[in-house]
Amino acid sequence: VKKHSQDWIDISIPIHEKMVDWPEDPPFRINRILDIEKGDSCNLSRITMGVHSGTHIDSPFHFSNNGKSIDEIPADTIIGRTRVLDLTNLDNIDVKDLDRLKIKSGERLLFKTRNSENALKSSHFVEDYIYVTREAAKLLAKQKINMVGIDYLSIGSFHDKGDETHRILLNAGIWILENINLSSVTGGEYDLICLPLKIVKGDGAPARAFLRKITVV
Ligand SMILES: [Zn+2]
């Protein structure tokens, strides 16, 4: 019997002005346009941010004008059974590492790497985060998984053609969830709910994401 735990784990990154963004992406800024403390009837804020800030999803349109945009994401991609893979022993995620994981077509996969303990906790951008190699991305594309997530700002390398990793996945119709915090999550089966903003023609969008453990009794 498979049992759902009662507790939803929030794997989203807090959004604030000191958060770490991809170099040269627009920083998150918030201005209180109306402020109760200043005598206004309510608090009302304006924000500016890049759509790839914080926990977010990349849509195929990010790297291809023919690709789907974030407003077209299927609910089935971001809601449902998900496998968290503990890859905290790896320096990057390569083909040989994926081979032993028995990945099935249609799976939602979240990669827990050492980023959750290291890069993600740093107060500045870390270039040497753990990423998915191009060859591994090709394998995931061949395996026709539904979506993939990783615990830093990019699924591809900073130094070595990370764009290619994105293109391979997105062109294969695999949506990418980036910058999730998996530090309090162990490997195993979960329910995922991850809801990106419905930005028309969006190349991506910030998202709130939760996991709920499924245990077999
Ligand atoms: Zn992105």
Side-chain angles (χ1 to χ4, degrees), residues 10-17 19-29 47-74 77-78 82 87 92-93 108-113 115-116 118-122 124-134 136-138 140-141 145-182 192-211:
D10 191 344
I11 56 168
S12 335
I13 304 291
I15 296 172
H16 58 93
E17 292 196 341
M19 71 194 292
V20 176
D21 274 315
W22 188 257
E24 283 156 47
D25 269 19
F28 174 79
R29 293 288 177 262
I47 60 169
T48 57
M49 68 190 297
V51 297
H52 299 266
S53 288
T55 301
H56 70 278
I57 292 187
D58 286 3
S59 62
F61 183 66
H62 190 25
F63 282 97
S64 163
N65 277 344
N66 302 321
K68 285 193 171 157
S69 50
I70 198 70
D71 49 318
E72 300 176 284
I73 195 167
T77 297
I78 43 179
T82 301
L87 305 178
N92 59 41
I93 300 165
R108 303 175 196 85
L109 297 176
L110 302 182
F111 296 148
K112 177 180 180 176
T113 75
N115 292 336
S116 281
N118 299 333
L120 210 56
K121 288 189 173 165
S122 171
H124 59 270
F125 180 76
V126 172
E127 295 183 4
D128 295 316
Y129 55 84
I130 290 153
Y131 61 90
V132 173
T133 68
R134 278 164 284 159
K138 281 181 197 160
L140 293 171
I145 62 166
N146 191 341
M147 63 88 74
V148 63
I150 195 161
D151 47 5
Y152 204 51
L153 278 156
S154 173
I155 196 159
S157 167
F158 182 76
H159 297 290
D160 185 22
K161 298 184 180 145
D163 283 10
E164 276 302 303
T165 293
H166 279 84
R167 277 196 193 92
I168 292 160
L169 294 168
L170 294 170
N171 289 344
I174 300 168
W175 301 72
I176 306 167
L177 171 58
E178 289 172 328
N179 223 21
I180 44 176
N181 181 358
L182 297 175
L192 168 74
I193 295 181
C194 172
L195 301 175
L197 298 180
K198 192 170 183 174
I199 300 172
V200 175
K201 269 288 163 196
D203 45 278
R208 192 74 181 260
F210 294 91
L211 290 175

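Just follow the structure's listing: the first ligand is 1, and inside any ligand the first atom is 1. Please read these numbers as outputs of a predicted model, since none were measured by experiment.
Defined by atom type and a distance below 3.5 Å, a donor-acceptor pair is missing between the side-chain atoms of His56 and Asn179.
Each of Asp58, Leu197, Ile199, Asp203 was checked for a side chain to side chain contact (heavy atoms under 4.5 Å, CB included) with Ile70, and the lone residue meeting it is Ile199.
Applying the ring pair (Phe, Tyr, Trp, His ring centres under 6.0 Å) test to pairs two or more places apart or on separate chains, those with a residue in residues 159-181 are Phe63-His166.
Residues Leu153 and Glu178 fail the side-chain proximity criterion, which asks for heavy atoms closer than 4.5 Å. Looking at Val148 and Val132, their side chains never come closer than 4.5 Å, going by heavy atoms from C-beta outward.
Remark: Glu127 CD is packed, more than 12 non-hydrogen atoms of other residues, nucleotides or ligands lying under 6.0 Å away.
With a cut-off of 2.8 Å, the protein N/O/S atoms near the Zn ion (ligand 1) add up to 4.
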